[in-house]
Amino acid sequence: MEAMITTQHFNSEEEAVAEIRAMGFHPLTIDVPAVTNDFHFHDFDSVTYMLEGALTVTERDSGETCTLNPGDKAEARAGVVHKESHDGFRAVFGFAVPPQELTHPIDKPAD
């Protein structure tokens, strides 16, 4: 997927948090409730380290779909239009900006 690089990458939440901090990003562990959403984008770079559950992401422009499972790391660039589908998951997110500085809504509508 051009917009998202996914790898089987890590073994624990602590390892994920340490890697995120080493990147200069801001870690935040979140339990995300189930959702299927429309195409949208985020105005920040991020990484996702999947702890529990599965997340399917589809990029609008390429049509590519990938599924993240526990142990997977995904890197996503700001501005990439995508949609997500999942039954709920737990992940450590790394944001390029402090979480309290994220603009709302976080999911920006696609044109």
Pro70 and Gly53 have their tightest heavy-atom pair at CD-O, 3.1 Å
I'd like to check the side-chain hydrogen bond (donor to acceptor under 3.5 Å, both in side chains) partners of Thr36; sequence neighbours left out, ordered by chain and number. Ser85
Taking ILVMFWY side chains as joined if any heavy atoms are under 4.5 angstrom apart, and letting links pass through other members, which residues group with Phe41? Phe39, Val81
List, by chain and then residue number, the residues other than Val17 in its hydrophobic cluster (Ile/Leu/Val/Met/Phe/Trp/Tyr, side-chain heavy atoms under 4.5 Å); write none if there are no others. Phe10, Ile20, Met23, Phe25, Val47, Tyr49, Leu51, Val92
Who are the ring-ring contact (aromatic ring centres under 6.0 Å, His included) partners of His86, not counting sequence neighbours? Phe89
Going by side-chain hydrogen bond (donor to acceptor under 3.5 Å, both in side chains), name the residues that satisfy it together with Glu52, two or more places apart in sequence or in a different chain. none
Rounded distance (nearest 0.5 Å) linking atom OG of Ser46 with atom CD of Glu75: 9.5 Å
Partners meeting side-chain hydrogen bond (donor to acceptor under 3.5 Å, both in side chains) with Asp61 (sequence neighbours left out): none
Report the distance from atom CD of Glu84 to atom CG of Asn37, rounding to the nearest 0.5 Å. 4.5 Å
Holding to ring-ring contact (aromatic ring centres under 6.0 Å, His included), I want the full list of residues that pass it with Phe44, two or more places apart in sequence or in another chain. His42, Phe95
Calculate, to the nearest 0.5 Å, the distance between atoms CG and CZ belonging to Asp38 and Arg60 respectively. 12.0 Å
Excluding sequence neighbours, so at least two apart, what forms side-chain contact (heavy atoms from CB on, under 4.5 Å) with Ala54? Thr67, Asn69
Indicate the atoms forming the closest heavy-atom contact of Lys73 with Glu19, along with that distance. NZ-OE1, 4.3 Å
Residues in salt bridge (Lys or Arg N to Asp or Glu O under 4.0 Å) with Asp31, at least two apart? Arg90
Separation between NE2 of His26 and CD of Gln100, rounded to the nearest 0.5 Å: 8.0 Å
Ile106 and Val57: same hydrophobic cluster, using ILVMFWY side-chain contacts below 4.5 Å? yes
Contacts of type side-chain hydrogen bond (donor to acceptor under 3.5 Å, both in side chains), residue Asp87, not counting sequence neighbours: none
For Pro109, check side-chain contact (heavy atoms from CB on, under 4.5 Å) against everything at least two apart and list the hits. none
